[in-house]
**Q** 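This is the structure, below, for whatever I ask next.
Computation of the quantities below employed the complete heavy-atom set of this structure, encompassing side-chain atoms and omitting hydrogens, waters and symmetry-equivalent molecules.
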Amino acid sequence: MEEIEVCICRRISLEDILSAIEMGGIDDVEALIEKTGAGSVCKMCISPQHDPYGERDIHLTELLK
Ligand code: FES
């Protein structure tokens, strides 16, 4: 199966993000960034607001809902 990369800068996959959320203890996007390292470089993968030109397909805030 092809791996979907959510955070291009840190090379963090959708699977990595979802398993971090599944493990629990992540209440908000800041906790998710801290736990996975995603969103800590260009920040575009954090939310659509951080990505005004739509350069990322998936954002951390959308995965937390
Ligand atoms: S794509 Fe996630 S910090 Fe750049």
Side-chain angles (χ1 to χ4, degrees):
M1 199 177 88
E2 199 189 319
E3 197 169 81
I4 299 170
E5 218 163 59
V6 176
C7 181
I8 308 289
C9 295
R10 300 292 310 276
R11 308 206 63 189
I12 300 174
S13 70
L14 177 60
E15 202 180 319
D16 294 334
I17 303 286
L18 293 178
S19 53
I21 293 170
E22 211 167 276
M23 289 197 343
I26 293 175
D27 301 323
D28 54 26
V29 77
E30 283 76 23
L32 187 55
I33 293 166
E34 196 174 308
K35 186 91 180 171
T36 64
S40 57
V41 184
C42 75
K43 303 189 186 319
M44 285 193 290
C45 62
I46 295 177
S47 74
Q49 288 73 33
H50 288 82
D51 180 21
Y53 301 108
E55 293 178 52
R56 297 291 175 272
D57 294 333
I58 307 172
H59 303 92
L60 300 179
T61 52
E62 292 156 346
L63 297 171
L64 277 172
K65 281 175 193 160

**Q** Do other residues, nucleotides or ligands put more than 12 heavy atoms under 6.0 Å from the CD atom of Glu34?
**A**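 No, CD of Glu34 has 12 or fewer neighbouring heavy atoms, counting only those of other groups under 6.0 Å.
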**Q** Heavy-atom count around Asp57 CG within 6.0 Å, excluding the residue itself: above 12?
**A**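 12 or below, so no.
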**Q** Roughly how far, to the nearest 0.5 Å, is the CG atom of Leu14 from the CD1 atom of Ile58?
**A**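 Taking CD1 in Ile58 and CG in Leu14, the distance rounds to 5.0 Å.
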**Q** Minimum heavy-atom separation for Ala20 to Lys35, with atom names?
**A**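 In this case the closest contact between Ala20 and Lys35 is CB-CG, 4.4 Å.
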**Q** How long is the straight-line distance from CZ of Arg56 back to CD1 of Ile46, given to the nearest 0.5 Å?
**A**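 The CD1 atom of Ile46 sits 11.5 Å away from the CZ atom of Arg56.
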**Q** Test side chain to side chain contact (heavy atoms under 4.5 Å, CB included) on Ile26 and Leu64 and set out the steps.
**A** CA-CA 9 Å; Ile26 293 175; Leu64 277 172; 4.0 Å; yes
**Q** Find out whether Met44 and Cys9 are in side-chain contact, i.e. whether some heavy atom of one side chain is under 4.5 Å from a heavy atom of the other.
**A**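 No; the side chains remain at least 4.5 Å from each other.
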**Q** Roughly how far, to the nearest 0.5 Å, is the NZ atom of Lys43 from the SG atom of Cys7?
**A**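 So the gap between those two atoms works out to 10.0 Å.
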**Q** Output the distance between atom CD (Glu15) and atom CD (Glu22), rounded to the nearest 0.5 Å.
**A**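 Reported to 0.5 Å precision, the distance equals 10.0 Å.
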**Q** Enter the distance from Leu60:CG to Asp28:CG here, rounded to the nearest 0.5 Å.
**A**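 It is 11.5 Å, given to the nearest 0.5 Å.
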**Q** If you look at every heavy atom in Gly37 and Ile12, which pair is closest and at what distance?
**A**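 Distance-wise, the nearest heavy atoms are C-CD1, 3.7 Å.
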**Q** What is the distance from atom CD1 of Ile4 to atom CD1 of Ile17, rounded to the nearest 0.5 Å?
**A**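 Ile4 CD1 to Ile17 CD1: 12.0 Å, rounded to 0.5 Å.
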